[in-house]
Amino acid sequence: MTQFSNADDQEITKFDKVSQIWWDTKGEMGTLHTINPLRTKFIMDNIDTPNPRILDVGCGGGILSEALAKAGARVTGSDLSLPSLEVARLHASAGGLKIDYLYQGVEQIAQENEGGFDAVTCMEMLEHVPEPAKVIAACAQALKPGGRAFFSTINRTLKSLFAVILVGENILRLLPRGTHTYSKLIRPSELKAWSKQSGLDFVRLSSLMYNPLTGKFKVAHDKEDMNYMAYFIKSKNQ
Ligand code: SAH
């Protein structure tokens, strides 16, 4: 049993095992590198505070945390895969980036830093936890009123089962095999409902569309497809 209440040991172990390939842009984590500029832009374009304080929940090897830091944010990354965090720490210091990496559950970080962040990012992570609604509530708690929450995940549709899990993981190897479990994928309506319960007002949802012929992704704004990201604002009257 993990020492963290809202974490699945098997999920964390999966990421422990791939911790050495986070920064291999040509390897099975390559997709995260390919989509990174698109999601970084979606995030930074929608934060109105200069040099925002950002909490990156489920930061893995720090692919997004580093891009946010390079874009001027003051970043705290958190994850429960210790080997991944070690890779993140080494990679940031080798690149001269100052990022605070914490081996702590988001629930604890939120309790200790209530209202402490201008934005929280939680990308490709919610589909790996037992109770995603609790992670969302903690993200909301960590935000200052008017702060922004960014979530990305994979839609639970037959199209995703086919394209992401069967083809993406098992045939094209765009992701490590076994990364996703169909039943844990999340529909946009569920993400929106959980966010609303936590006092987060929905603003925009966009999808990342993959072109298998070019191997490139592009953003389709206001479209619900397989691989989507959304942002919310914490109500000021909380
Ligand atoms: N957000 C990063 C990595 C996504 S992979 C990116 O998009 O580049 C999912 C990450 O979530 C893994 O690093 C895994 O260890 C982490 N994770 C899974 N369950 C978690 C939990 N309960 N709390 C914190 N991190 C978790």
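In listed order, ligands and their atoms are each counted from 1. Along the sequence shown, the residues carry numbers beginning at 1. The structure displayed is predicted, hence computed values, not measured ones.
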A7-ligand 1 polar pair, N/O distance under 3.5 Å:
no
Could you tell me whether the side chains of S65 and D56 share a donor-acceptor contact shorter than 3.5 Å?
yes
With a 4.0 Å heavy-atom cut-off (strictly under), which part of S84 contacts ligand 1: side chain, backbone, both or neither?
neither
Would you indicate whether the side-chain heavy atoms of E190 and L185 approach each other to under 4.5 Å?
no
At less than 4.0 angstrom from any non-hydrogen atom of G60, what atoms of ligand 1 do you find?
13 (O)
Backbone, side chain, both or neither: what part of R39 comes under 4.0 angstrom of ligand 1, heavy atoms only?
side chain
Proximity of L32 to ligand 1 by residue part, where a heavy atom lies under 4.0 Å:
side chain
Side chains of T34 and T31: do they bring a donor and an acceptor to under 3.5 Å?
no
If you have a sec, work out which protein heavy atom is nearest atom 2 (C) of ligand 1 and how many Å separate them, to one decimal?
G58 O, 3.2 Å
Closest non-hydrogen protein atom to atom 26 (C) of ligand 1, residue and atom name please, with distance?
M125 CE, 3.8 Å
Enumerate, atom names and distances included, each donor-acceptor pair closer than 3.5 Å involving a side-chain atom of residues 128-141, sequence neighbours excluded.
| residue | atom | partner | partner atom | Å |
| --- | --- | --- | --- | --- |
| H128 | ND1 | E11 | OE1 | 2.7 |
| E131 | OE1 | K134 | NZ | 3.1 |
| Q141 | NE2 | E114 | OE1 | 3.3 |

Any salt bridge linking D48 with R148? Criterion: basic side-chain nitrogen under 4.0 Å from a carboxylate oxygen.
yes
For ligand 1, which part of S152 has a heavy atom less than 4.0 Å away: the side chain, the backbone, both, or neither?
neither
Below 4.0 Å from ligand 1: does a non-hydrogen atom of W22 turn up there or not?
yes
Is I12 close to ligand 1, meaning an N/O of one under 3.5 Å from an N/O of the other?
no
protein heavy-atom neighbour closest to atom 22 (N) of ligand 1 works out as N6 O, 3.1 Å
Evaluate the side-chain proximity of L143 to L200: yes if any heavy-atom separation is below 4.5 Å, no if none is.
yes
Can you confirm if the NZ or CZ of R53 lies within 45° of the ring axis of F117 and under 6.0 Å from the centre of its six-membered ring?
yes
Can you tell me which residue and heavy atom of the protein come closest to atom 15 (O) of ligand 1, and the distance to 0.1 Å?
D79 OD1, 2.7 Å
The closest protein heavy-atom partner of atom 9 (C) of ligand 1 is E124 O, 3.4 Å
Measure from atom 14 (C) of ligand 1 to every heavy atom in F4, Y103, F15 and give the option owning the shortest one.
F15
Under 30°, 30 to 60°, or over 60°: which ring-plane class applies to Y103 and F4, parallel, tilted or perpendicular?
perpendicular
Does any non-hydrogen side-chain atom of M123 lie less than 4.5 Å from one of F42?
no
